[in-house]
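Taking it in order: structure first as structure tokens, then the write-up.
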Amino acid sequence: MTAGPEPAATRRLRPEPTFRGTPPFPEAARTALADGQLRQNLGRATTTIRTKRAAVVAERADWEQLRLSGAAIKDAVLRDLPALLDQLEAAVTTAGGVVHWARDAAEANAIVAGITRAAGATEVVKVKSMATQEIELNEALRREGIDVWETDLAEMIVQLGHDLPSHILVPAIHRNRSEIRDIFVDEMVRVGRAAPVGLTNEPGELAEAARLHLREKFLRARVAVSGANFAVAETGTVVVVESEGNGRMCLTLPETLITVMGIEKLVPTWRDLEVFLQLLPRSATAERMNPYTSLWTGVTPGDGPRAFHLILLDNGRTDTLSDATGRQALRCIRCSACLNVCPVYERTGGQAYGSVYPGPIGAILTPQLRGIAKHPVDKQTASLPFASSLCGACFDVCPVRIDIPEVLVHLRGQVVRQSEASHRLPTPEAFGMGLAAWTLRTPRRLAMAERLAGLGSRLVGRHGTIRRIPGPGPIGGWFRSRNLRAPARESFRAWWRRTGSGRGGES
Amino acid sequence: MRIALFIGCYNDALFPEVGRAVVRLLQRLGHEVDFPLDQTCCGQMHFNSGYQDACIPLVQRFTAAFAGFDVVVTPSGSCASMVRRYHPLVAGLAAEQGVDTGLAGLVAEVSPRVYELSELLVDVLGLTDVGARFPHTVAFHPTCHSTRLLGVGDRPTRLLRAVAGVTVVDLPHAASCCGFGGTFAVKNADTSVAMGLDKVDDVLATGAEVLTAADTSCLMHIGGLLSRRGSGVRVMHLAEILASTGAEA
Ligand code: SF4
């Protein structure tokens with residue numbers, strides 16, 4: 001395969017937005033909740049995929065066994081990670097690939113830039129990948145003068161729209177067809193082949209516009225960058241699962257292929273793929289089998305890329321691994337099922353989570369990758385474990401049985417401990433919780449508090465309903481839209497004592 | 001049968017009528033109800049908010065208060081799930097910190113004997129028809145903790161459908177969380193309210209006179225939204241319906 005010369009005038013990309021500066025979740029959510037269009041787009045999309053997933057999962061009588069197997073295999077990987085990574089490195093090297101180790105985002109980005117420059121390229125085409133979003137590779141390469149072209153349709157919509165992703169699988173899920181059409185018409189022309197004249201918002205036309213725009217990039221690119229859904233330690237085989245076939249183009253056409261992979265993406269043996277290739281498509285796109293599964297082992301002369309580089313990325317994963325409760329988040333296969341069923345995600349959208357990993361998995365993964373186990377985290381990160389009503393819908397659907405509510409509560413504990421350690425005086429919340437705990441320690445104190453509350457409710461509210469409690473603080477949040485029943489004038493406990501063993505009737 | 005009642009702190013202070021309904025119901029069914037006055041709280045609010053250390057004395061108190069009973073009932077799926085699923089974790093924490101190494105053993109004895117009301121009625125007492133009469137149109141909200149954490153399944157609705165005179169209407173999107181979520185309701189008030197208002201729309205669409213559930217906490221949230229809207233839909237705990245004989249209405 002011969003690559004053509006670089007085009008005379010590659011139009012430069014603008015800086016890519018990042019999640020930096022996202023306010024803490026409650027505030028970011030407030031903005032998102034006020035966006036009616038967003039609510040509508042998300043509600044429609046999540047309802048559709050949720051219903052479809054439930055239907056294809058119900059087809060499998062052995063779904064629970066598959067989930068258990070998936071969790072067990074991933075747990076075994078996490079237990080033996082160092083040895084398996086060595087095995088993978090040896091297998092990839094034997095098959096003609098080059099393995100690189102990256103401690104963090106900066107190291108990984110520098111390795112990709114170095115390989116790209118050495119290949120004499122000034123642009124790369126990209127397969128949809130979460131790891132490269134996590135390390136903000138696109139922006140890092142742009143700063144090095146290397147253009148990056150996203151080729152996954154949804155990822156391309158986000159890139160062209162100078163937008164941020166809001167979903168793991170469908171990063172542009174917050175956009176509807178008319179918005180996508182407008183982005184294509186306005187933006188394609190700035191970075192390559194323009195959208196066809198008279199483009200409408202018909203899905204077929206939009207897909208054709210994307211195909212034409214991308215084709216010239218596929219045919220020209222010398223370097224491709226991908227992520228990996230799985231890598232088989234025993235053979236060194238890397239696996240990418242996708243729907244569109246654009247990934248397959250990137251994986252086969254350019255001379256050089258660079259794969260950035262989180263170190264937890266391993267499976268021990270080829271046979272283990274059997275479990276995950278059943279779990280993933282049904283959970284992700286509600287398909288029995290996804291249209292394209294690409295597997296490659298090193299390089300094959302005369303077939304596909306001539307050079308293959310595998311970058312093994314840590315970026316907070318070994319810290320996560322050190323937490324016995326939190327490490328189950330590393331079992332994640334990025335299917336997005338937990339996002340699609342999450343009642344919070346459905347209403348706030350993904351950008352409110354301030355991370356490329358939104359939704360329930362984001363709420364447990366982002367704080368850990370950002371090092372919550374090691375050091376206090378910023379306010380935005382600290383708000384994530386609280387961005388859940390703990391309804392448990394995520395755990396029900398997770399194909400690798402990550403008990404997300406359990407991890408959320410565990411991480412809340414870490415946030416509280418870090419806050420206690422960094423404040424000399426208790427925060428108002430900690431004070432309130434401390435007072436509540438003190439009160440609840442003995443029945444005598446509780447009864448006293450109930451008596452006081454009962455007296456108080458004679459003063460506030462008519463007909464036993466409180467519409468507002470004066471003063472600021474989190475309690476005020478309750479009363480913006482909700483009333484509250486006033487505390488009972490006689491608590492249950494007091495009634496029981498007065499009537500004697502509950503036999504005294506209903507007075 | 002002698003049954004100990006764990007009322008839960010918020011029912012105790014805010015919704016004592018729920019406890020009274022449980023007592024009335026169980027006594028009507030011929031059982032003896034005990035209310036150990038040493039009880040306070042299951043610790044869920046502290047546990048779920050990240051104040052897990054503060055739960056240790058609460059779990060110690062809970063196990064001590066209920067240690068002597070074969071059967072404990074609580075009219076809260078949420079408290080029952082805290083006791084059965086998370087008390088062992090708190091006990092583990094107590095052992096880890098060297099605060100109380102014996103707690104795990106006590107918890108292992110006590111927590112499996114704690115039943116949510118519908119579990120007690122259906123599984124332990126073998127009943128679905130409790131002889132209640134409630135001539136109203138009722139929608140049932142299956143709360144997340146009772147269905148997902150505890151797995152009560154259709155026990156509450158089986159009990160409800162066996163009530164004389166009742167018309168049970170289907171609640172659309174019943175399995176969706178109402179948005180209460182404990183301190184989530186105040187920490188993420190806007191999101192909580194957005195979820196709750198969708199639930200309220202679903203409730204109003206049913207035309208029900210009464211919304212019921214096995215958890216007062218969710219009802220307090222949905223009821224607070226309904227009341228602010230000036231809706232006439234009443235919220236009642238399932239225990240209150242099961243305790244009704246029609247004479248009250
Ligand atoms: S946490 Fe589970 S459900 Fe969510 S994306 Fe990961 S594998 Fe899928």
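Letters A, B, ... are given to chains in the order of the sequence lines, protein chains preceding strands, and every chain is numbered from 1.
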State, with a plain yes or no, whether a side-chain heavy atom of S76(B) is found less than 4.5 Å away from one of Y10(B).
-> yes
How far apart are the closest heavy atoms of A80(B) and L150(B), and which atoms are they?
-> CB-CD2, 3.7 Å
Out of A29(A), A387(A), A393(A), which one racks up the most heavy-atom pairs below 4.5 Å with chain B?
-> A393(A)
For T22(A) against Q351(A), the heavy-atom pair lying closest together = CG2-O, 4.0 Å
With a 4.5 angstrom heavy-atom cut-off, which part of L446(A) approaches chain B: side chain, backbone, both or neither?
-> side chain
Give the minimum heavy-atom separation between A382(A) and V377(A), together with the two atoms involved.
-> N-CG2, 3.9 Å
Check whether A436(A) gets within reach of chain B through its side chain, its backbone, both or neither, counting any heavy atom under 4.5 Å.
-> both
Which bit of S481(A) comes within less than 4.5 Å of chain B, counting heavy atoms only: side chain, backbone, both or neither?
-> both
Please state whether the side chain, the backbone, both or neither of L197(B) comes within less than 4.5 Å of a heavy atom of chain A.
-> neither
For F47(B), is it the side chain, the backbone, both, or neither that has a heavy atom closer than 4.5 Å to a heavy atom of chain A?
-> both
Name the member of M220(B), Q52(B), H46(B) that forms the most heavy-atom pairs with chain A at distances under 4.5 Å.
-> H46(B)
Please determine, among S419(A), A32(A), A430(A), the option with the most heavy-atom pairs under 4.5 Å with chain B.
-> A430(A)
Which one, T143(B), L58(B), N48(B), leads in non-hydrogen pairs under 4.5 Å with chain A?
-> N48(B)
Please look at I7(B) and chain A and tell me whether the side chain, the backbone, both or neither of the residue comes under 4.5 angstrom of a heavy atom of that chain.
-> side chain
Which of R39(A), R444(A), R445(A), E27(A) touches chain B most, by non-hydrogen pairs under 4.5 Å | R39(A)
Looking only at atom types and distance, does a side-chain atom of Q40(A) sit under 3.5 Å from a main-chain N or O of D35(A), one as donor and one as acceptor?
-> no
Hey, are the side chains of L26(B) and L120(B) touching, using non-hydrogen atoms and a 4.5 Å cut-off?
-> yes
Picking from C41(B), C55(B), P57(B), what satisfies side-chain contact (heavy atoms from CB on, under 4.5 Å) with L440(A)?
-> C41(B)
Smallest heavy-atom separation, L14(B) atom then P487(A) atom, equals CD2-CA, 3.5 Å
Should we say atom CE of M1(B) is surrounded by more than 12 heavy atoms from elsewhere, each under 6.0 Å from it?
-> yes
Compare all side-chain heavy atoms of P405(A) with those of S388(A) and state whether any distance is below 4.5 angstrom.
-> no
For T47(A) and E346(A), which heavy atoms make the closest approach, and how far apart are they?
-> OG1-OE2, 4.4 Å
Of the listed residues (R229(B), Q39(B), H221(B)), which shares the most heavy-atom pairs with chain A below a 4.5 Å separation?
-> H221(B)
Leading residue by heavy atom contact count with chain A [cutoff under 4.5 Å; candidates S192(B), G181(B), G50(B)] = G50(B)
Max heavy-atom pair count under 4.5 Å with chain A, selected residue of R61(B), H145(B), Q60(B) = R61(B)
Where does F395(A) contact chain B at under 4.5 Å (heavy atoms): side chain, backbone, both or neither?
-> side chain
Could you grab the distance from atom CZ of R347(A) to atom OG1 of T191(B), nearest 0.5 Å is fine?
-> 9.5 Å
Atom CZ of R228(B) with >12 non-hydrogen neighbours under 6.0 angstrom = yes
Tell me, side chain or backbone of S383(A) under 4.5 Å from chain B's heavy atoms, or both, or neither?
-> neither
Per-residue tally against chain A (heavy atom, under 4.5 Å) across V193(B), D34(B), D38(B), T40(B) peaks at T40(B)
Sorted by chain and number, sequence neighbours left out, side chain to side chain contact (heavy atoms under 4.5 Å, CB included) with S49(B) holds for M433(A), M45(B), Y51(B), T183(B)
Does some side-chain heavy atom of P75(B) sit less than 4.5 Å from a side-chain heavy atom of L5(B)?
-> yes
Side chain of H237(B), backbone of A214(B): donor and acceptor closer than 3.5 Å?
-> yes
Which one, A488(A), S389(A), G392(A), S491(A), leads in non-hydrogen pairs under 4.5 Å with chain B?
-> S389(A)
Looking at R417(A), E406(A), Q414(A), E429(A), which makes the most heavy-atom pairs under 4.5 Å with chain B?
-> E429(A)
Okay, H173(B) and chain A: the region with an atom under 4.5 Å from a heavy atom over there is neither
Is any residue of residues 85-92 of chain B within less than 4.5 Å of chain A by heavy atoms, and which ones?
-> R85(B), L89(B)
